[in-house]
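The first residue in the sequence is number 1, and the count goes up from there. Both backbone and side-chain heavy atoms feed into the values below; hydrogens, waters and symmetry mates do not.
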Amino acid sequence: MTFKTDIEIARAASKRPIQDIGAAIGIGADDLLPYGHDKAKVSQSFIDGVQDRPTGKLILVTAINPTPAGEGKTTTTVGLGDGLNAIGKKAMVCIREASLGPNFGMKGGAAGGGYAQIVPMEEMNLHFTGDFHAITSAHSLLSAMIDNHIYWGNELEIDTRRVVWRRVVDMNDRALRQITASLGGVSNGFPRETGFDITVASEVMACLCLATDLGDLERRLGDMIVAYRRDRSPVYCRDIKADGAMTVLLKDAMQPNLVQTLENNPAFVHGGPFANIAHGCNSVIATTTALKLADYVVTEAGFGADLGAEKFMNIKCRKAGLAPDCVVLVATVRAMKMNGGVAKADLGAENVDAVKAGCANLGRHIGNLKSFGVPVVVAINHFTGDSEAEVAAVQEFVAGQGSEAIVCKHWAEGSKGTEALAARVAEIADAGQANFAPLYPDDMPLFQKIETIAKRIYHADEVLADKKIRDQLKAWEADGYGHLPVCMAKTQYSFTTDPERRGAPTGHSVPVREVRLSAGAGFVVVICGEIMTMPGLPRVPSAESIRLNDAGEVEGLF
């Protein structure tokens, strides 16, 4: 049996004018800034005007650790949003924007799949409304102004050995991880080492995604530490006088992007921090606005629950005063088999024993999520090759964990395939069973926060950090930053820092390689193991097969 590809389904979509999508949730045409016919930004004045409305129910979609077999977290997010609308609920979807780097590397797009997609898919996975370009430009402006300040006399007495502000580009480029800048003589400035991160790891991205309005954004940008003097005192973005101009560049990017699902339901797609190196959630302004426009808001957090969901709870919810009413944990029979030791090439054969063995990973995520005080429902994202016995094995395991697993067929059937999940999620959210609390208090010491996540979420025995890192954390505490949450940068493929260790390993350590203070965003980044804040392309990048066909259509992107 053959199926249409994601892009074929997306191109056949019957899209409605974006003004109609806005009108359905009470956004008038005057409050929309259209980008073509099928996408638009929502004005800040409209957002300000809905703040006194009741707040809807917040539903988080997360997943088990990703495998090459695929889990379909975004697809399930979209399918659940459509399913809620199909059963008569007023629901919106909130997801992140896609980075160009993975699209041309190996991960692919981020708009869902099959009959559970957000459109326009091609534009969303390429330049979209230009938000990432604006973030890259604002970040680059600050980079240029730092070196320009040093060149013209260095009035702030910046120690050029201690410039901590790196550069960014929204592409996977390992050659830029460590560079030497300002070579070529006196007219080019003072040579120094620096490097590039990918745009989604930029603190500017984090500031935009956590800010509540333009004033809050400018304050956060000003709070960013860019360098240190010889006496180790910090130099802030506001000292460089870049925060105002950066805010100007980000003025439009700050506005949430309104698009639609294949079933013409509203969706905000805004912000895009990675969950393995940043905080992995869509923007606070998009989520909080959606909660004023809909009775149910379905949002997602990147990668597995050990990364995205943990950061959603400990960073986004803490900072924005949010609390999820229900969590949907996405799993697939195929991923269970991979976690149970089956090779990708052998996933087509029924193997109930491997499914049962792989459920340990699922069980750990269920327990971790429940530790935040929220009810958990497992969505089994159905693949055509799944056998009834394999599905039953997952459902039986989940029932033994005190939760329930519901089969979802949204990829093939759209909202019809998620109606059972939607009904149960709405029932749980309406029952008010959640008693949400972050994993650790604000006043816990920074290293203890790291240990809490490592031991309670990753189930590690210990955190390995040398004296230099521990001293740095203590120094930040002395400077008044001890109340900040921590943002763990770690491989998404495992509870450990070894991407090859699947399942639910114990008896491992979490080595901390580096810590970075994101004072503007309001968290401390903890870089663990071999994770890179600038990814590289694979041996055969997807870019090699991306081109325009004779009809002018994009091929190879999906």
**Prompt:** Can you tell me if S371 uses its side chain to pair, donor with acceptor, with the backbone of N368 under 3.5 Å?
**Reply:** yes

**Request:** Flag the pair M224 / Y236 as yes when at least one side-chain heavy-atom distance between them is below 4.5 Å, and no otherwise.
**Result:** no

**Asked** With the threshold set at 4.0 Å, does a side-chain nitrogen-carboxylate oxygen contact exist between R516 and D197?
**Response** yes

**Message:** Test your reading of the model: is there a side-chain donor-acceptor pair from D213 to the backbone of G215, 3.5 Å cut-off?
**Reply:** yes

**Fill in**
Correct closest heavy-atom pair for V378 and A331 would be CG1-CB, 4.4 Å

**Item:** Side-chain ion pair, E427 and R424, N-O less than 4.0 Å
**Value:** yes

**Item:** Worked verdict on I118 versus V93 for side chain to side chain contact (heavy atoms under 4.5 Å, CB included)
**Value:** CA-CA 9 Å; I118 293 176; V93 170; 4.0 Å; yes

**Message:** Could you go through V297 and I59, starting from their C-alpha distance and side-chain angles, then the distance that decides it, and tell me whether this counts as side chain to side chain contact (heavy atoms under 4.5 Å, CB included)?
**Reply:** CA-CA 6 Å; V297 172; I59 299 155; over 6 Å; no

**Prompt:** Judged by atom type as modelled, is there a donor-acceptor pair below 3.5 Å linking the side chain of T74 to the main-chain atoms of G112?
**Reply:** no

**Request:** Taking only Lys NZ, Arg NE, NH1 and NH2, and the carboxylate oxygens of Asp or Glu, determine whether K90 and D295 approach each other closer than 4.0 Å.
**Result:** no

**Item:** Within 6.0 Å of OH in Y493, more than 12 heavy atoms from elsewhere
**Value:** no

**Asked** Does the ring center of F495 lie less than 6.0 Å from the ring center of H365?
**Response** yes

**Request:** Locate the shortest heavy-atom distance separating P485 from G522; write the atom from each residue and the value.
**Result:** CD-O, 3.3 Å

**Prompt:** Going by heavy atoms in the side chains, are D170 and I198 under 4.5 Å from each other?
**Reply:** yes

**Request:** Kindly give the heavy-atom pair with the smallest separation between L446 and E477, and that separation in Å.
**Result:** N-OE2, 2.7 Å

**Request:** Please test T76 against H410 for side chain to side chain donor-acceptor pair (under 3.5 Å), starting from the C-alpha separation and ending with a verdict.
**Result:** CA-CA 7 Å; T76 304; H410 44 285; 3.1 Å; yes

**Prompt:** If we only count heavy atoms from C-beta on, is the F196 to D173 side-chain gap below 4.5 Å?
**Reply:** no

**Message:** I'd like to know if the side chain of Q117 and the backbone of T261 have a donor-acceptor N/O pair within less than 3.5 Å.
**Reply:** no

**Message:** Would you call the rings of F523 and H279 parallel, tilted or perpendicular, taking 30° and 60° as the class edges?
**Reply:** tilted

**Asked** Side chain of S518, backbone of A521: donor and acceptor closer than 3.5 Å?
**Response** no

**Message:** How close do F132 and A98 get, counting heavy atoms only, and between which atoms?
**Reply:** CE2-O, 3.4 Å

**Message:** Is any side-chain heavy atom of C237 closer than 4.5 Å to one of L142?
**Reply:** yes

**Prompt:** Does any N or O in the side chain of D31 come within less than 3.5 Å of the main-chain N or O of I27, such that one atom is a donor and the other an acceptor?
**Reply:** no

**Prompt:** Should the pair D243-R219 be classified as a salt bridge under the 4.0 Å nitrogen-to-oxygen rule?
**Reply:** no

**Asked** Are the side chain of Q51 and the backbone of D48 linked by a donor-acceptor contact shorter than 3.5 Å?
**Response** no

**Request:** Report the C-alpha distance between K73 and T62 in whole Å, list the side-chain angles of each, state the deciding distance to 0.1 Å, and finish with yes or no for side chain to side chain donor-acceptor pair (under 3.5 Å).
**Result:** CA-CA 6 Å; K73 183 171 73 277; T62 185; over 6 Å; no

**Asked** Under 3.5 Å, is there a donor-acceptor pair between the side chain of D325 and the main chain of L58?
**Response** yes

**Request:** State, yes or no, whether a side-chain contact exists between L80 and Y296 at a heavy-atom distance under 4.5 Å.
**Result:** no

**Message:** Looking at D30, I'd like to know if its CG atom is crowded, meaning that more than 12 non-hydrogen atoms belonging to other residues, nucleotides or ligands lie closer than 6.0 Å.
**Reply:** no

**Fill in**
Between V512 and I469 the two heavy atoms that sit nearest each other are O-CD1, 3.2 Å

**Asked** Taking the side chain from K449 and the backbone from L484, do they hold a donor-acceptor pair closer than 3.5 Å?
**Response** yes

**Request:** Would you mind reporting whether L322 and T288 have side-chain heavy atoms less than 4.5 Å apart?
**Result:** yes

**Within-4.5 Å side-chain heavy-atom neighbours: M313 and L60** = yes

**Request:** Just do the side chain to side chain contact (heavy atoms under 4.5 Å, CB included) check on L250 and E218 with the steps written out, would you?
**Result:** CA-CA 10 Å; L250 296 169; E218 184 168 358; over 6 Å; no

**Prompt:** Are the side chain of K41 and the backbone of Q255 linked by a donor-acceptor contact shorter than 3.5 Å?
**Reply:** yes

**Request:** Determine whether V515 and I527 make a side-chain contact, defined as any pair of heavy atoms from C-beta on separated by less than 4.5 Å.
**Result:** no

